[in-house]
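Side chains included, hydrogens not; waters and symmetry mates left out as well; all remaining heavy atoms used.
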Amino acid sequence: MVQYSQTHFDASFGALSHATRRGVLEQLGRADASITALAERFHMSLTGMKKHVGVLEQAGLVTTEKVGRVRTCKLGLRGLEEEAAWIERYRQLWSVRFDELNNVVEELTRKERVDGRKKRK
């Protein structure tokens with residue numbers, strides 16, 4: 001049995017699997033924000049937003065800093081380079097396969113044209 005486990009991939013893809021968390025990352029890409037501001041922006045409870053931010057923190061995609069009573073969120077230091085490279089390998093694999101499929105379709109189309117000309121004669 002093949003064991004294929006990359007726990008940081010599990011955490012980051014799990015974090016990215018929710019639209020609100022992807023939206024939080026987009027928002028933090030524009031500017032740091034407090035959890036309260038994020039909750040208001042996404043029309044959700046403070047508790048709900050804290051849970052989303054916690055998932056993003058565990059994945060290393062967001063960091064928080066408490067100053068006084070305000071907890072400010074910012075993009076984490078860890079980017080998504082490893083995840084992007086993993087996705088890119090599969091994108092290239094599929095691109096090669098689609099190119100090969102396109103070649104087969106073009107060859108069949110060419111043969112149909114030739115066969116059609118032969119039948120008309």
List in chain and number order the residues that pass side chain to side chain contact (heavy atoms under 4.5 Å, CB included) with [X], two or more places apart in sequence or in another chain; answer none if no residue qualifies.
X      : answer
His8   : Gln6, Arg78, Glu82, Glu83
Thr109 : Val105, Arg113
Glu65  : Val67, Lys74
Val114 : Arg110, Lys118

Original post:
Taking the inter-plane angle between the rings of His18 and His52 on a 0 to 90° scale, is it parallel (under 30°), tilted (30 to 60°) or perpendicular (over 60°)?
Top reply: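 Correct class here is tilted.
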**OP:** Write down the atom of Ala39, the atom of Ser45, and the distance for their closest heavy-atom approach.
**Re:** CB-O, 3.9 Å
How many angstroms lie between atom [atom1] of [X] and atom [atom2] of [Y], to the nearest 0.5 angstrom?
X     : Y     : atom1 : atom2 : result
Arg69 : Ser34 : CZ    : OG    : 12.5 Å
Lys50 : Cys73 : NZ    : SG    : 10.5 Å
Arg97 : Tyr90 : CZ    : OH    : 10.0 Å

Original post:
So, the side chain of Arg21 versus the backbone of Gly14: is there a donor-acceptor pair under 3.5 Å, distance only?
Top reply: yes
Subject >> Side-chain hydrophobic cluster, 4.5 Å single linkage: members besides Val53 >> reply: Leu16, Val24, Leu25, Leu28, Ile35, Leu38, Phe42, Met44, Leu46, Met49, Leu56, Leu61, Val62, Leu75, Leu80
**OP:** May I ask you to list the residues sharing a hydrophobic cluster with Val70, side-chain cutoff 4.5 Å, ordered by chain and number?
**Re:**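 None; Val70 is a cluster of one.
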Original post:
Would a 4.5 Å heavy-atom cut-off, applied to side chains only, mark Asp99 and Trp94 as touching?
Top reply: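 A side-chain contact is absent here, since even the closest heavy-atom pair is not under 4.5 Å.
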Check: [X]/[Y] side-chain N/O donor and acceptor closer than 3.5 Å:
X      : Y      : value
Gln92  : Arg89  : no
Glu106 : Asn102 : yes
Thr63  : Glu57  : no

Subject >> Over 12 non-hydrogen atoms of neighbours within 6.0 angstrom of CG in Leu108 >> reply: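 Yes, CG of Leu108 has more than 12 neighbouring heavy atoms, counting only those of other groups under 6.0 Å.
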Subject >> Arg22 CZ: over 12 foreign heavy atoms closer than 6.0 Å >> reply: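 Enclosed.
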